[in-house]
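Scroll down for the structure; my scribbles are underneath it.
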Amino acid sequence: MISQSDWNGFVLLSCVFFVKYCYIYGGVNINHVISAFLPISHNYFYWFISCYLILMLLSPLINKGLQALSNRQLLLIVGILVYINCITGWLFKNGINSNGFNTMQMIFMYVVGYGIHRFEVEKRGKMRYWLIVYLALSVLNVLTHEYLPERFGGYNNPFVVLKSIAVLCIFLRIHFQSKMVNHIAACVFPCYLLQEGAAGFSFYDVQYQVWSSLQNPFYYWSFVIVCVVGFFVLSILMEPIRKWCMNQINDKVYTILRLYRIDNTLIDKNKS
């Protein structure tokens, strides 16, 4: 779940990218203004987080519907969603979900995740079997990407969907605790904001230029790994500063409007 401060940081970063656009293109475009201040419905860069936030708004209704279904009805709904997303969408390019980069795909995977939880799918079979399934699906995914036309790419590729299920089941079987991992995990969202926004698009251009100049897979992937680590290090360094700045703004807004923060309510409940 994304916290209030993370959401504010998202909006703030969108505004920063809007200013950058104005600087690069030398003018103000009304669409860019709308995109900067309405990041859910008009954001050009952050398609994933925009769809995720829409899913959050729909999740109470979806949860109510799923809880009311019997096991047989749930399996029927999952089958229907597979047909809509992976057959009519991925195979026949139906407009409802032609590539998987949309809210429909997230609803589909949300329902699948609920089904995995209800039927405890991760407990069926040993860990090594899930690893073998993941590796086999990864090979099939690479082959479909290599030999099928580009139009068959996307997140609603059946092999991508099945591989995602395998990964989820693997992680559900792993139980460990680590403060370091938790600290790094807390910086995944700001890392995503850095890579997916205007800065990320510029980074992809740099990657292409490096590949064009090197033409060496080893050196290229070494460069990519260093850049990814650099993004995470930058996120880890910037996140405490961003949280402190946004908390100051949040406290002022909540004080002026006489509102009570939801995260404070959750903290009080945990203490009690």
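Since the model is a prediction, treat every value here as computed from it, not as a measurement.
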Roughly how far, to the nearest 0.5 Å, is the [atom2] atom of [Y] from the [atom1] atom of [X]?
X: Ile184; Y: Ser235; atom1: CD1; atom2: OG; value: 11.0 Å
X: Thr144; Y: Leu137; atom1: OG1; atom2: CG; value: 10.0 Å
X: Asn157; Y: Cys86; atom1: CG; atom2: SG; value: 8.0 Å
X: Leu172; Y: Ile116; atom1: CG; atom2: CD1; value: 7.5 Å

- Note on the structure: Residue pairs passing the side-chain hydrogen bond (donor to acceptor under 3.5 Å, both in side chains) test with at least one member in residues 86-112, sequence neighbours excluded, are Asn63-Tyr110, Asn85-Asn97, Asn97-Asn102, Asn97-Gln105
Distance-minimising heavy-atom pair for [X] and [Y]:
X: Met127; Y: Ile170; answer: CE-O, 3.6 Å
X: Arg173; Y: Gly125; answer: NH1-O, 2.6 Å
X: Val160; Y: Gly154; answer: CG2-O, 3.9 Å

- Item | Contacts of type side-chain hydrogen bond (donor to acceptor under 3.5 Å, both in side chains), residue Thr255, not counting sequence neighbours | none
- Transitive ILVMFWY side-chain link Leu58 to Tyr114, under 4.5 Å: yes
- Item | Where at least one partner belongs to residues 111-121, residue pairs that pass salt bridge (charged side-chain N to carboxylate O under 4.0 Å, His left out), sequence neighbours excluded | Glu120-Lys123
- Message: For Ser70, is there any backbone N or O sitting under 3.5 Å from a side-chain donor or acceptor partner on Gln73?
- Response: yes
- Counting only heavy atoms not in Phe119, do more than 12 sit closer than 6.0 Å to its CZ atom? yes
- Message: Does Tyr134, at its OH atom, have more than 12 non-hydrogen atoms belonging to other residues, nucleotides or ligands within less than 6.0 Å?
- Response: no
- Query: Where does the angle between the aromatic ring planes of Phe101 and Tyr155 fall among parallel (under 30°), tilted (30 to 60°) and perpendicular (over 60°)?
  - Reply: tilted
